Each structure stands twice: as C-alpha cells, then as structure tokens.
Amino acid sequence: MDLAMVNSYEEWIDIYKKLVYWELELENISDTGMIEILESQKQEANSLFFKFIKKNYKDWVQDQDAPIMSNTLFKKVILPEVSTSKGTLLVVIDNLRYDQFNILEQTINKYYKKQDEIAFYSILPTATQYARNAIFSGLMPLEMEKQYPEYWRNDVEEGGKNLYEEEFLTAQLKRLRQNIKLAFYKITNLKSGKQLVENFNTVKENDLTVIVYNFVDMLSHSKTEMEVIKELASDDKAYRSLTNSWFLNSPLLEIIQKAQNLGLKLIVTTDHGTINSKVPSKVIGDKNISSNLRYKTGRSLSYEEKDVYAVKDPKEILLPSISINSAFIFAKEDLFFAYPNNYNHFVNYFKNTYQHGGISLQEMIIPCAIFVPKAP
C-alpha cells in the first residue's frame, strides 16, 4: 500500500529503509516464502523508483526541491559538524550500501554513539568518478569539467578518474571561505591502512581528517574476476557477511578505535551503493563508448527504450559530453548492458555480479551518519 502512495524523495527514503530493515530482520529465518515476498516487493519498489527518478531528476539538478545529493552533502551536512567540534574524522567507504552500513554500525556502536543519520541521494551516474568527485568538489560533473579541467577526466580518457579528490576538497573549502586544517588519506590496500594506524596519533592536530577507504569497491569489482568471490558473495546476505568480516579484521576498525581514544567526532558515509545485476539489456554503440555495465555514454547508442533513462543532452543533468552528440543512458532496476557480439559469453560472465552506475534504491539512497565518541 505504501508503494502505491509514495510520491516524494523523503517517502522513498522511508520505504527503502523499511525494506532494508525487514531484509535484515528476515535474514536468518528458514521460511523462504517470506523472503521471496520481500524480494518481489524490492523489485516492485525499484520499478516505481526508476519512474520517479526519471520524472524528477532533471528538476533536482536544477535545484528545484532537491534532496541532499552528492554535490551538496559536504556543505549542508558535513561542514556544520566539522566547525562545531574539536576534531572530526570523515570516513568515506567506497560503494557502501545501506544494508552493509547497518551491519558495520553494530560494531561502530561499541566505540561511538550515533548522534544523527541522514540518507542522501547519489548523483547519476552512481559511479565513483562522478559521485565521489561531486562530494569532495561540491560541484556537478559538468561544473568540475569547466572549472577544473586539469582535475577532471571523462569516461573514455586515459588515467585515473579520482586522483584529485584532495584538491577538489581544498578548492571547495576555499570557495566556502573555511580555514580548516585538513589531512587527506586514501587507503587502497592493507599496507597503506596499517601505516595509517601506526601514525594515527598525528591527526589530532587537524580540524578535519578525511579517509577514503576503497575496500568494498575492490570486492565488487573483483567479483567478476574471481570465481571465489562469486562463491563468497552470491547474494545480498552473503555480500553483507563478507563486508562485515572484512571490517572486523581491517585497519579501518583500528582507526575508528584510535579516533575514539583521541575524542574525535566520526562521520561515516559513502559515494554510491551497488546492485546485484541479473537481467541483460542489449546496447550498441561506436567504439568510443564507456565500459560501465549500468550506464553508457557515447555516440550513436541504440538500446531498449523501456530499459533506460536516456538523456540525449547531458548538459540538462549537468554531465559533460565526451563528444558532440554523445548521450547518457542509465539502466533501471537490476539490468546490465551487454553487447550483441559475444552476447551469451558476456551475459554468463556478468550475470549476478554487483555493479553500480544506474538507477536503483540500492545505488542511489545512501547513508551519512554522525557519531560522537563514547568515553574510552
């Protein structure tokens, strides 16, 4: 009944949180019938959510009744917390879904008390180079490309797409006239995580310490490479469990414990979520087409109209164009794009893998939680 009535971004957040709540509650029951009912409700919700985004996203980007989104999160949510505390640790865990966050939170609560939690919307595409750069720069991708061409890389360009997050954040702080002592760390492997743990006490001099932690993203991307991971994370329940066992044994947990001892405020957030992609949708384009399986940008794209949100002029949603006449298409629900040549091989390879970039509740509605330290 709720699904039939939902009509605003706040209501969608409530519905999604309810679905996640029941998913976690029912996780350990043996009655598969109940879980199947919930799964079909999730599918129906995503189908309606896709229509809702298709109808409203363009207005949000023009700032009409917009929810908090990647590009406004720092200014509206994070900065007010930083300026009222003696030291803040901001942890951005790449590619963290709401259900995964709820599991990690159970461990964080041993050291920290949750003060507030908001859900915000990732911009499209729900992919790292767009969404995470938007958080740190406080800008939409088209604005980044115009104002900081030296930091922005388009999809088909060579080189890392997220190499300048610290520069983007420094520029945003300057624009907001904030004189903040900042340290920025990016953790992409176990070694750099351990190094930061060893030297963590030095951060107490900072107003804001930012850590970008790339574990979950590595997991979802390696899932397509490694059959082992496919076995370990075959569904959402297994994926949550894997994320949790990583967290319990990771340097990140040690960092959070050290932050508690230093009395730092803690903010945990992410750049986008992910979805288990099950249904192929055929797409054709020229050779300069982006590789992501949940969105495509390029020229002369042909695709199944009913499967996508197509934006013929990327400027309308503040995205850069990789060439004249290049459009963007975003996959709905749990679809993924496949090329007609080698179709069956491709479909078998990527079916049931975790992908992001498209439009689903799991990818777009994501958490930002603020914690204060418990007395050690």
Side-chain angles (χ1 to χ4, degrees), residues 13 17 67-98 100-123 128 131-138 165-166 168-170 172-173 176 178 180-187 193 196-197 200 203-217 243 247 250-273 365-374 376:
I13 287 171
K17 283 185 168 179
I68 291 170
M69 289 166 72
S70 314
N71 59 316
T72 53
L73 177 76
F74 188 84
K75 182 181 170 183
K76 289 184 175 172
V77 179
I78 295 168
L79 191 58
E81 296 297 334
V82 174
S83 40
T84 56
S85 75
K86 291 193 172 66
T88 301
L89 173 63
L90 169 63
V91 179
V92 182
I93 301 175
D94 195 11
N95 196 0
L96 188 74
R97 250 179 11 195
Y98 231 108
Q100 293 169 306
F101 166 73
N102 284 354
I103 301 288
L104 304 191
E105 191 190 341
Q106 294 165 13
T107 303
I108 296 171
N109 286 340
K110 292 177 186 166
Y111 312 98
Y112 274 86
K113 179 171 179 283
K114 186 158 75 175
Q115 178 186 302
D116 196 12
E117 179 195 308
I118 67 130
F120 70 105
Y121 280 75
S122 167
I123 63 163
T128 308
R132 204 163 73 201
N133 279 330
I135 290 173
F136 289 127
S137 67
E165 290 164 338
E166 185 177 356
F168 272 137
L169 180 55
T170 306
Q172 177 172 198
L173 287 167
L176 297 171
Q178 297 293 324
I180 280 177
K181 187 163 191 240
L182 170 74
F184 196 101
Y185 301 93
K186 194 181 265 185
I187 308 297
L196 182 54
V197 170
F200 195 74
V203 310
K204 62 176 183 289
E205 308 303 319
N206 304 326
D207 300 311
L208 174 62
T209 303
V210 178
I211 299 176
V212 173
Y213 222 102
N214 260 13
F215 172 77
V216 184
D217 205 40
T243 309
F247 182 61
S250 73
L252 180 56
L253 181 54
E254 291 181 67
I255 287 166
I256 287 171
Q257 290 163 334
K258 290 202 162 199
Q260 176 211 10
N261 289 328
L262 293 176
L264 301 181
K265 186 180 278 185
L266 172 67
I267 302 175
V268 178
T269 189
T270 183
D271 46 10
H272 54 75
I365 299 182
I366 44 178
C368 179
I370 294 139
F371 299 89
V372 289
K374 291 181 173 174

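All of these numbers come straight from a predicted model, not from anything done at the bench.
Scored by the side chain to side chain contact (heavy atoms under 4.5 Å, CB included) test, L89 finds V91, F200, T209, I211, I255, A259, L264, L266 as partners (sequence neighbours excluded). T88 meets the side chain to side chain donor-acceptor pair (under 3.5 Å) test with S85; sequence neighbours excluded. Qualifying ring pair (Phe, Tyr, Trp, His ring centres under 6.0 Å) partners for F168, counting only residues two or more places apart in sequence or in other chains: Y148, Y151. In this view, Y98 satisfies the ring pair (Phe, Tyr, Trp, His ring centres under 6.0 Å) rule with no residue, not counting sequence neighbours. With sequence neighbours excluded, the residues satisfying ring pair (Phe, Tyr, Trp, His ring centres under 6.0 Å) with Y121 are W60. For T269, there are no side chain to side chain donor-acceptor pair (under 3.5 Å) partners, not counting sequence neighbours. For K186, the salt bridge (Lys or Arg N to Asp or Glu O under 4.0 Å) test picks out E165, with sequence neighbours left out.
Without hydrogens or angle criteria, T72 side chain to I68 main chain gives no donor-acceptor distance under 3.5 Å. For the pair T270 (side chain) and I93 (backbone), a donor-acceptor distance under 3.5 Å is present. When atom types are taken as modelled, the side chain of D207 and the backbone of K181 share a donor-acceptor pair closer than 3.5 angstrom.
Rounded to the nearest 0.5 Å, atoms CD1 (I366) and CD (Q100) are 12.0 Å apart. The distance from atom CG of L253 to atom OG1 of T107, rounded to the nearest 0.5 Å, is 6.5 Å. The distance from the CG atom of L208 to the CG atom of L90 is 6.0 Å, given to the nearest 0.5 Å. Summarising the geometry, atom CG belonging to N71 is positioned 8.5 Å from atom NZ belonging to K76; distances are rounded to the nearest 0.5 Å.
Here the closest heavy-atom approach between residue A119 and residue I365 is recorded as CB-CG2, 4.1 Å. In plain terms, the two heavy atoms of L176 and L79 that are nearest each other are CD1-CD2, 3.8 Å. Nearest heavy-atom pair, F74 versus I135, reported as atom, atom and distance to 0.1 Å: CB-O, 3.8 Å. For the residue pair S122 and S70, the shortest heavy atom distance occurs at CA-OG, 3.3 Å. The two residues N95 and G273 make their nearest non-hydrogen contact at OD1-O, 3.1 Å.
Pairs of residues two or more places apart, or lying in two chains, that qualify as side chain to side chain donor-acceptor pair (under 3.5 Å) and include a residue from residues 254-263 are Y111-Q257. Under the salt bridge (charged side-chain N to carboxylate O under 4.0 Å, His left out) criterion, the residue pairs touching residues 106-122 are K17-E117, E105-K114, K114-E117, with sequence neighbours excluded. A salt bridge (charged side-chain N to carboxylate O under 4.0 Å, His left out) check over residues 81-91, counting only residues at least two apart or in different chains, returns the pairs E81-K265.
Considering only heavy atoms from C-beta on, L73 comes within 4.5 Å of C368 through its side chain. Between T243 and I103 the shortest side-chain heavy-atom distance does not fall below 4.5 Å. Proximity of Y213 to L96: side-chain heavy atoms (C-beta onward) are nowhere separated by under 4.5 Å.
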- Task: Using the side chain to side chain contact (heavy atoms under 4.5 Å, CB included) rule, take V77 and I370 through it: C-alpha gap first, then chi angles, then the decisive distance, then the call.
- Result: CA-CA 9 Å; V77 179; I370 294 139; 4.1 Å; yes
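Using a 30° and 60° split on the angle between ring planes, F371 and Y112 fall in the perpendicular class, above 60°.
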